[in-house]
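First the structure, in the form of structure tokens, and then the observations on it.
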Amino acid sequence: MEIVILVSLLSLYCDFTDAECLVISPARLVVKYGDPASAKCTFDQPKQMGWEATEGGTGLTDKEVKFLHWSVDSVTDWNNNPTCFTEAGQCQKQLDITVYKLPDSVSISYRKYPDPMVEKHHYQLQCLVQNIAPIERLRVTFYKVNTTGEQTELDTQQKSKDNIKTPENGTYTLDFTPSRDDDGAQLWCSAMLDLGPEGPQPPPVMESDRLNINVLYKPQITMSPGCFSMSITEGDTLSLNCSAKGNPAPSYDWLHPQSAPAPNTTEERSVVTITNMAKSHSGEYTCIARNPLGNSTCTVNVEVTVNYLLIIAELAAAAVVIILFSCFIYSSYYKHTRMGHYQLKDRLPRRHKNKQVVHHNGMDQSFM
């Protein structure tokens, strides 16, 4: 009776202090499904030992030994729990083994396909990881990369620990609200099986294909230098560029003062040009960019100023023309009136009608 009690107490003691009875190495074994595996059970004194397992199990050894190996050529049982024990079950210890399998595929998609995707609307993405084990060790991360190549981690998710050893499918969802900056970006998800330090290093990662997104948004005018007030000199050319970003591409309309002439515009009507601006053309010039999602406006207040230097120059030029014309007229009149009607007799001195001139010996004599 005393011997039975002693054996029972010894067995109970060993159950609570397995580390002092049996030692298994490695302490934790991580093995890929289908790969070979092995472990070693050691006792501090020679004992008859054995392994209980669905794969690779052995009975008690015929002889007392200090260690005993367990090994299999291919692990194919997800629920195999190899246990080392000594004779009469005095001591026993279970191998901590994790059998893993990488996923067959990882894919990303919309829970409900948007047609089309519009900025500030709410959508749900899903990442599907197929046939992976153990799923509790899986970490799924959603990523976004924009058109400049900048990568952003959107979210990381992990299933709760439910101790499921067999392969499972995992579905992970992400709420996504796109902005106009996301137009042309790419989304994808990655599945990382983190099996701890005993598992493969670095942890294996499988990524989904990339999902290209097209985001529709209303126009936003990017006029340079923006909605502003400006002055322009009378006679100059006014040119306003009303470029806008929108998806789909916006169309343009212009509102201008009624006194202004019909402007010249580009094919897309984003640029307006008016030549020979006049004072009456002053006022507000408003650009309207629109697409099916909305419109955006920008108003430029234009003031046409008088160019006094130009007026002075024009008056001076006119004065010069008048002076030159007057000189020409005067000169033509003077030549016509003072030179064109001269007669020689009018220039000679007049003689007295009663006097005669006699040439005598070279001397003039007058006779009454």
Side-chain angles (χ1 to χ4, degrees), residues 30-35 75-76 78 98-220 245-249 291-293:
V30 177
V31 58
K32 185 177 181 181
Y33 182 83
D35 283 0
V75 176
T76 57
W78 297 100
T98 300
V99 182
Y100 73 91
K101 179 187 177 301
L102 299 180
D104 292 341
S105 64
V106 178
S107 60
I108 189 171
S109 61
Y110 299 104
R111 289 292 296 269
K112 182 180 179 182
Y113 190 80
D115 188 23
M117 181 178 281
V118 180
E119 75 166 332
K120 297 182 180 180
H121 287 203
H122 302 293
Y123 304 95
Q124 195 171 68
L125 302 170
Q126 69 176 15
C127 183
L128 177 61
V129 183
Q130 292 186 313
N131 208 25
I132 186 170
I135 197 168
E136 67 181 34
R137 291 281 185 169
L138 178 66
R139 288 215 309 265
V140 170
T141 304
F142 289 87
Y143 293 95
K144 178 185 71 175
V145 60
N146 60 22
T147 53
T148 62
E150 181 182 358
Q151 181 173 308
T152 304
E153 182 178 316
L154 301 177
D155 189 30
T156 298
Q157 302 175 18
Q158 189 169 6
K159 295 288 187 182
S160 60
K161 295 184 178 181
D162 47 16
N163 201 31
I164 297 176
K165 296 183 177 181
T166 55
E168 296 280 328
N169 294 335
T171 301
Y172 303 79
T173 59
L174 173 72
D175 292 327
F176 181 66
T177 304
S179 69
R180 63 183 55 218
D181 294 333
D182 293 325
D183 184 35
Q186 293 180 323
L187 300 172
W188 78 95
C189 62
S190 69
M192 181 175 71
L193 193 59
D194 187 0
L195 299 166
E198 298 85 3
Q201 298 297 323
V205 177
M206 180 177 288
E207 293 185 349
S208 69
D209 291 335
R210 299 200 173 192
L211 186 65
N212 297 309
I213 60 175
N214 179 33
V215 181
L216 302 186
Y217 54 93
K218 75 175 187 178
Q220 181 177 6
K245 291 184 64 177
N247 189 16
N291 68 9
L293 279 78

Grab the two heavy atoms, one from [X] and one from [Y], that are nearest each other, plus how far apart they are.
X: Thr98; Y: Pro134; value: CG2-CG, 4.1 Å
X: Trp188; Y: Lys144; value: CZ3-C, 4.2 Å
X: Met117; Y: Ile213; value: SD-CB, 4.3 Å
X: Cys127; Y: Val140; value: SG-CG1, 3.8 Å
X: Met192; Y: Pro203; value: CG-CB, 3.8 Å
X: Pro204; Y: Leu102; value: CG-CD2, 3.5 Å

(request) Begin from the C-alpha positions of Val145 and Arg210 and carry the test side-chain contact (heavy atoms from CB on, under 4.5 Å) through to its verdict. (result) CA-CA 10 Å; Val145 60; Arg210 299 200 173 192; 3.5 Å; yes

Report yes or no: does [X] contribute a side-chain atom to a donor-acceptor pair with the main-chain N or O of [Y] at less than 3.5 Å?
X: Ser208; Y: Cys189; value: yes
X: Gln157; Y: Thr173; value: yes
X: Asn291; Y: Tyr217; value: yes

(request) Using the six-membered ring of Tyr172, assess whether NZ or CZ of Lys159 lies under 6.0 Å from its centre and within 45 degrees of the ring axis. (result)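 Positive - Lys159 is close enough to the ring of Tyr172 and near enough to its axis.
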
Would you give the length of the straight line joining atom [atom1] of [X] to atom [atom2] of [Y], rounded to the nearest 0.5 angstrom?
X: Asp183; Y: Asn247; atom1: CG; atom2: CG; result: 4.5 Å
X: Ile132; Y: Leu138; atom1: CD1; atom2: CG; result: 4.0 Å
X: Lys245; Y: Asp181; atom1: NZ; atom2: CG; result: 7.0 Å
X: Glu207; Y: Ser190; atom1: CD; atom2: OG; result: 5.5 Å
X: Lys101; Y: Tyr33; atom1: NZ; atom2: OH; result: 9.5 Å
X: Leu174; Y: Leu187; atom1: CG; atom2: CG; result: 8.0 Å

(message) Under a 3.5 Å threshold, yes or no: a donor from one side chain and an acceptor from the other, between Thr156 and Thr141?
(response)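 Yes - a donor-acceptor pair under 3.5 Å links their side chains.
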
(request) Using the side chain to side chain donor-acceptor pair (under 3.5 Å) rule, collect all pairs that involve residues 129-139, keeping only residues at least two apart or in two chains. (result)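 For residues 129-139: Asp104-Asn131, Ser105-Gln130, Arg139-Asp194.
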
(request) Check whether more than 12 heavy atoms from other residues, nucleotides or ligands sit under 6.0 Å from atom CG of Asn169, and answer yes or no. (result)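 Result for CG/Asn169: enclosed.
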
(message) Around atom NZ of Lys32, are there more than 12 heavy atoms from other residues, nucleotides or ligands closer than 6.0 Å?
(response)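 For Lys32, atom NZ is not crowded (no more than 12 foreign heavy atoms under 6.0 Å).
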
(request) Before giving the answer on side-chain contact (heavy atoms from CB on, under 4.5 Å), spell out for Thr177 and Tyr123 the whole-Å C-alpha distance, their side-chain angles and the decisive distance to 0.1 Å. (result) CA-CA 6 Å; Thr177 304; Tyr123 304 95; over 6 Å; no

(message) With heavy-atom distances below 4.5 Å as the criterion, would you say the side chains of Pro200 and Leu195 are in contact?
(response)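 Heavy-atom side-chain distance check passes, below 4.5 Å.
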
(request) Report yes if the side chains of Leu125 and Leu154 come closer than 4.5 Å at any heavy-atom pair, otherwise no. (result)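 No, their side chains stay 4.5 Å or more apart.
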
(message) Tell me every residue that passes ring pair (Phe, Tyr, Trp, His ring centres under 6.0 Å) with Phe176, counting only those two or more places apart in sequence or in another chain.
(response)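 Expected list: none.
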
